[in-house]
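Presented below is the structure to which this report refers.
Sequence lines set the chain letters: A, B, ... in the order given, protein chains first and strands last, and positions in each chain run from 1.
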Number of protein chains: 2
Amino acid sequence: MDTPLEKARKDPESMKAKILTFARRLFGEYGFHGTTTRMIAREVGIDISTLHYHWGNKKDLYESVIIDINGDLRQKLREVEKIIHGLPLGKRLDISIDIMTDYLFDHPGISNLILFRYFAKNRYEGNLDFSVPEFTADIAYSMGLSTGKKDVSPEVMMKVIAVMNSMHNFVSGEGFFRPMLKIDRQTYILLVKETLKFIHIPAFTGGGNG
Amino acid sequence: MDTPLEKARKDPESMKAKILTFARRLFGEYGFHGTTTRMIAREVGIDISTLHYHWGNKKDLYESVIIDINGDLRQKLREVEKIIHGLPLGKRLDISIDIMTDYLFDHPGISNLILFRYFAKNRYEGNLDFSVPEFTADIAYSMGLSTGKKDVSPEVMMKVIAVMNSMHNFVSGEGFFRPMLKIDRQTYILLVKETLKFIHIPAFTGGGNG
DNA sequence: GGATAATCCCATCAAATGATTGAATCATAG
DNA sequence: CTATGATTCAATCATTTGATGGGATTATCC
């Protein structure tokens, strides 16, 4: 018995998948309360009742979106982990920043929704999310800041959070920062990578760059 | 002829000021669409009509909150600028991080609302905000990254944004990160300062710490 | 082809939400 | 005290919003 989310993943052309895609974008842009089921339905080009038919209520759809982006992010992090494995720390950071920045700019809903969950409350009951501590610990291990993926210290967790958040910030804040800087998208993405490397690499490599 | 905001500032005991205070907190926690006028009125302990009497419609109140936090932030930044003036860069960063972190933890609505404006869209028309580029340029000058407060390069603006955002992130994200790390508030604040210094000081001082 | 289930839309509902009206209350100057 | 204006609240409105029921349409299986 597949869940609606599993069905959607199996058939990306299905109505379920289409709704999920637009829901991700809109929830990411406007937040949970800022997005109406009618907005989502209108974007997809369907009736609200069709939306409810496929995904139940709004909260269920939202939670499916969250689970979905966590899945995507987990997969991408594993991919990056394989690529950088064994390289020196400076190089690991350099490559991770390049790959993850490109990926997040291509999938802005991920950064948007992650930040929303960090900073905004829902008026309805919030479900606990175990993905963030899991990811954070994994990255700490992958960066060589921890000897294992368990019992990572708060100090190290904070450093990893700082790195990840600065990426999400620039990706999700593009709509605000880019008009402010009056630069085009290509330049902005390049500048984001440069800035991230400028800020983070010295901290973890002791001033050197490799 | 005073605007409602000016009246509220003159008399912090007034109903206008009281409403503004609760509105700041709630808009910061739940965002524009996540906050209802009834939620604000209930917190203040008044009727919705009283709220509308003092502040007009919801959007006007929200914009007053934004102008208000910008004023507070501008004042605090000037204060910090005076304190760190003339010190070496590493020391300037060290002290700025201490003071601003304490200040923002004492006034969490500021970080919350700033981040909301960066990352979330409103369904209603967004008004341009000229405070952010202004503040950013001022900080760039204050950090010695720019020779003047005008014509600050995008590269430098990005670096300043990265520093400010990492502070706002930890302040605004306390409700998410602190339970995750299972540490008390005091420890968290200390850890935030340490992490911010660990990340940012090496980048701007070339590896040294003074 | 015909039965069956899945998918979709029109019409509609109930609750939530932003906002207003008009009457009551309070403060204060004359 | 009393008239005037400022402030507050109860009641109410119009719209938005989440959600559903029932019928139409389409796909699928036998």
Side-chain angles (χ1 to χ4, degrees), chain A residues 1-23 26-27 29-66 120-127, chain B residues 1-8 10-23 26-27 29-65 120-127:
Chain A
M1 189 56 176
D2 285 346
T3 65
L5 185 55
E6 285 163 341
K7 280 188 197 168
R9 279 189 180 139
K10 278 182 187 169
D11 182 4
E13 299 297 315
S14 68
M15 183 55 72
K16 276 188 176 51
K18 225 187 284 184
I19 295 171
L20 196 67
T21 301
F22 283 99
L26 287 170
F27 279 134
E29 288 179 353
Y30 297 92
F32 180 78
H33 293 293
T35 306
T36 68
T37 52
R38 279 171 176 80
M39 281 167 68
I40 300 170
R42 198 187 316 131
E43 290 288 300
V44 181
I46 56 171
D47 190 88
I48 350 163
S49 56
T50 304
L51 186 146
H52 283 101
Y53 168 78
H54 285 287
W55 288 103
N57 64 32
K58 185 184 173 181
K59 207 181 147 199
D60 289 340
L61 173 57
Y62 179 74
E63 283 172 8
S64 293
V65 168
I66 297 295
K121 283 187 190 172
N122 265 10
R123 297 211 305 269
Y124 310 116
E125 279 315 305
N127 53 326
Chain B
M1 192 54 178
D2 285 347
T3 66
L5 185 55
E6 284 163 342
K7 282 188 196 169
K10 279 183 186 168
D11 182 5
E13 298 296 314
S14 67
M15 182 56 72
K16 276 188 176 54
K18 226 187 282 183
I19 295 171
L20 196 68
T21 302
F22 283 99
L26 287 170
F27 279 134
E29 287 178 353
Y30 296 92
F32 181 79
H33 293 293
T35 306
T36 68
T37 53
R38 278 170 176 81
M39 283 168 68
I40 301 170
R42 197 187 314 130
E43 291 286 299
V44 182
I46 56 171
D47 191 88
I48 352 163
S49 54
T50 303
L51 186 147
H52 282 101
Y53 169 77
H54 284 288
W55 289 103
N57 64 34
K58 184 183 175 183
K59 207 182 146 200
D60 290 340
L61 173 56
Y62 179 75
E63 282 172 8
S64 294
V65 168
K121 283 187 189 172
N122 267 9
R123 295 210 307 267
Y124 311 117
E125 278 315 305
N127 53 326

- [ ] Would you grab the first and last nucleotide of DNA chain D (5' to 3') that comes under 4.0 Å of any non-hydrogen atom in chain B?
- [x] D:dA6 to D:dT17

Quick check: do [X] and [Y] have side-chain heavy atoms less than 4.5 Å from each other?
| X | Y | result |
| --- | --- | --- |
| B:Tyr62 | B:Asn122 | yes |
| A:Ile46 | A:Ile19 | yes |
| B:Thr36 | A:Arg123 | yes |
| B:Met39 | B:Tyr30 | yes |
| A:Leu61 | A:Ile40 | yes |

Open item on the list: Rounded at 0.5 Å granularity, tell me how far NE2 in A:His33 sits from NZ in A:Lys121.
Closed with: 11.5 Å

Starting at [atom1] of [X] and ending at [atom2] of [N], how long is that distance when rounded to a whole Å?
| X | N | atom1 | atom2 | value |
| --- | --- | --- | --- | --- |
| B:Tyr53 | C:dC26 | OH | P | 15 Å |
| B:Leu61 | C:dT17 | CG | P | 16 Å |
| A:Ile19 | C:dT7 | CD1 | C1' | 11 Å |
| B:Asp60 | C:dA19 | CG | C1' | 12 Å |
| A:His52 | C:dA11 | NE2 | P | 19 Å |
| B:Asp47 | C:dT21 | CG | C1' | 12 Å |
| A:Met15 | C:dC9 | CE | C1' | 11 Å |
| B:Asn57 | C:dT17 | CG | C1' | 13 Å |

TODO: Within residues 37-46 of chain A, find the residues that approach DNA chain D with a heavy atom at under 4.0 Å, and present them sorted by residue number.
DONE: A:Thr37, A:Arg38

Open item on the list: Does C:dT7 have its OP1 or OP2 closer than 4.0 Å to a side-chain nitrogen or oxygen of A:Thr50?
Closed with: no

Open item on the list: So B:Thr35, base contact, sugar-phosphate only, or nothing? Heavy-atom distance under 4.0 Å.
Closed with: sugar-phosphate

TODO: Could you check whether B:Thr36 gets within reach of a base, just the sugar-phosphate, or nothing at all, counting any heavy atom under 4.0 Å?
DONE: sugar-phosphate

Task: Minimal non-hydrogen separation, A:Ala41 against A:Leu51, with atom names - done: N-CD1, 4.0 Å

Task: Over all atoms of both residues, closest heavy-atom pair of A:Thr50 and A:Met15 - done: CG2-CG, 4.5 Å

Open item on the list: Is the ring pair A:Phe27/A:Phe32 parallel, tilted or perpendicular, if the boundaries are 30 and 60 degrees?
Closed with: parallel

